[in-house]
Number of protein chains: 2
Amino acid sequence: MLTKHSSMAAMPGAGPGAGSNLLFLRESELRLAQDLMFFGYRDFTAGPDRLLEELAMGRAHHRVLHFVGRRPGITVGDLLAILAITKQSLGRVLQPMIEDGYVTQAAGRTDKRQRLLSLTDKGAALERRLYDCQREWVMRAYREAGPAAVEGFRRVMRGLMGDEARAELEILERSGS
Amino acid sequence: MLTKHSSMAAMPGAGPGAGSNLLFLRESELRLAQDLMFFGYRDFTAGPDRLLEELAMGRAHHRVLHFVGRRPGITVGDLLAILAITKQSLGRVLQPMIEDGYVTQAAGRTDKRQRLLSLTDKGAALERRLYDCQREWVMRAYREAGPAAVEGFRRVMRGLMGDEARAELEILERSGS
DNA sequence: AATGTTTGGTCAGCATTGTTGACGCTTCTC
DNA sequence: GAGAAGCGTCAACAATGCTGACCAAACATT
């Protein structure tokens, strides 16, 4: 199933437009992509990781803070779908965060089974500190690269996402405006 | 909550050049970057992860296969520096891979203390299967986005890397091409 | 109203992959 | 010959995934 595109990889003139060849699909270019994703993601998360360590939290806590902050009132089920982890794995980080006053639960209005999650002021404050950390880092990269490169970055990253992730991203973009 | 971002973030004409504004540095744009990195990296690694699971291996094994394949004859110390993990963490995945015949050790020529690591045929074959998996995925994204976007993607990812990672990437690019 | 489904919480156990600290070889360097 | 460097390994621990099982409250359907 992953072999359907195999044939045309090394055919420069096969794409739309004879001038825009597909040399960027050569092996060395794709190897570079692997390296970039490894180093890039590692250093992208390094700042928040350092900050979280002082609070005895991990990357999983950051993800909860981020996505609950992004979609206040999100249900547990929706959060599980976004994170793509099990209820137990989420519970282990979420419950302490509720007890420590970073996240609040509220019963759903239409469906009282649901627990709508939101950040408390304390949670929002921590999330913002973590955000600021990444903001500085990303801004540096964005500024160095320029607006056109940023647009390209977004297009490629979107392309690296599967259908489910694209759908979830759309919802996030809508609610986050 | 998602407060608009104070001072200069919402001032289109503040940057250098009235036409090329810095709107891509607004909060919502940087939030998007966080989402893209999360979903993008997750789905980028999903293919290899599925393949590795059948062989009772994890992402750590993939990283070893990738970087040893990228720099045959790499020393243990250099590999540790690239992965940025401890000797013990590496040893736990590397030793079984040597015993199972995926990786070979050779004493250094000038310095006999060093163990130069390389992939066996078996290791190279597995690495290629994993590579092909990601190749299909990345090619899809690259083709959808186009050459200009790919160039932008690379620029931004490089910008997201720290100085050490940039130096290591340069070595990889030299030996890899 | 009875029954079954959905949403969420929780217990117990396990795997992977990261961490520290300590110790012991072999080999290189001074 | 002494010390440093490169590598391997033991023991213990932490974070974050997983499965399977089971429970309660609320909803939905018959």
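All chains are named by letter (A, B, ...) in the order of the sequence lines, taking the proteins before the strands, and each is independently numbered beginning at 1. No hydrogens, no waters, no symmetry mates; every other heavy atom, side chains included, goes into these values.
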Peer 1: Starting at CZ of A/R42 and ending at C1' of C/dG18, how long is that distance when rounded to a whole Å?
Peer 2: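 These atoms are roughly 14 Å apart.
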Peer 1: Whole angstroms only, please: what is the CG-P distance between A/L79 and C/dG9?
Peer 2: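 So the two atoms are 11 Å apart, to the nearest Å.
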Peer 1: Does A/D100 use its side chain to pair, donor to acceptor, with the backbone of A/Y102 at less than 3.5 Å?
Peer 2: no
Peer 1: Which part of the nucleic acid, if any, lies within reach of B/G77 when heavy atoms closer than 4.0 Å are counted: base, sugar-phosphate only, or nothing?
Peer 2: sugar-phosphate
Peer 1: Measure from NZ or CZ of B/R155 to the centre of the six-membered ring of A/F153, then state whether that distance is under 6.0 Å and the direction lies within 45° of the axis.
Peer 2: no
Peer 1: Taking atom P of C/dT17 as reference, at what distance in whole Å does atom CE of B/M57 sit?
Peer 2: 11 Å
Peer 1: In this structure, how many angstroms lie between the P atom of D/dA15 and the CE atom of A/M97, rounded?
Peer 2: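 Answer to the nearest Å: 14 Å.
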Peer 1: Taking the basic N atoms (NZ, or NE/NH1/NH2) and the acidic carboxylate oxygens, is any pair closer than 4.0 Å for A/R154 and B/E29?
Peer 2: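 Between B/E29 and A/R154 there is a salt bridge, with a charged N closer than 4.0 Å to a carboxylate O.
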Peer 1: B/Q105 CD to C/dT27 P: how many Å, rounded?
Peer 2: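 B/Q105 atom CD is separated from C/dT27 atom P by 14 Å.
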Peer 1: Which angle, to the nearest 10 degrees, lies between the helix axes at the two ends of the helix from C/dA1-D/dT30 to C/dC30-D/dG1, each defined by five pairs?
Peer 2: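 Result, rounded to 10 degrees: 30°.
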Peer 1: Within the structure shown, what part of the strands sits under 4.0 Å from B/G58 by heavy-atom distance: base, sugar-phosphate, or nothing?
Peer 2: sugar-phosphate
Peer 1: Among residues at least two apart in sequence or on other chains, which ones pass side-chain contact (heavy atoms from CB on, under 4.5 Å) with A/E164?
Peer 2: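 A/E164 satisfies side-chain contact (heavy atoms from CB on, under 4.5 Å) with no other residue.
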Peer 1: Nearest whole Å is fine: how far is D/dC7 C1' from B/I98 CD1?
Peer 2: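 Rounded to the whole Å, the gap is 11 Å.
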Peer 1: Indicate for each nucleotide in nucleotides 17-30 of chain D, in 5' to 3' sequence, whether protein heavy atoms under 4.0 Å reach the base (B), only the sugar-phosphate (S), or nothing (-).
Peer 2: BBBBB----BS---
Peer 1: Please identify each residue that fulfils side-chain contact (heavy atoms from CB on, under 4.5 Å) with B/D35, with sequence neighbours left out.
Peer 2: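 For B/D35 the side-chain contact (heavy atoms from CB on, under 4.5 Å) partners, ignoring immediate neighbours, are A/H66, A/F67, A/R70, A/L169, A/L172, B/F39.
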Peer 1: Checking A/R59 now: which residues fulfil side-chain contact (heavy atoms from CB on, under 4.5 Å) with it, not counting sequence neighbours?
Peer 2: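 Result, side-chain contact (heavy atoms from CB on, under 4.5 Å) vs A/R59: A/Y41, A/T45, A/D49, A/R63.
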Peer 1: What pairs with B/Q95 under side-chain contact (heavy atoms from CB on, under 4.5 Å), at least two apart in sequence or on another chain?
Peer 2: B/I98, B/E99, B/Q105
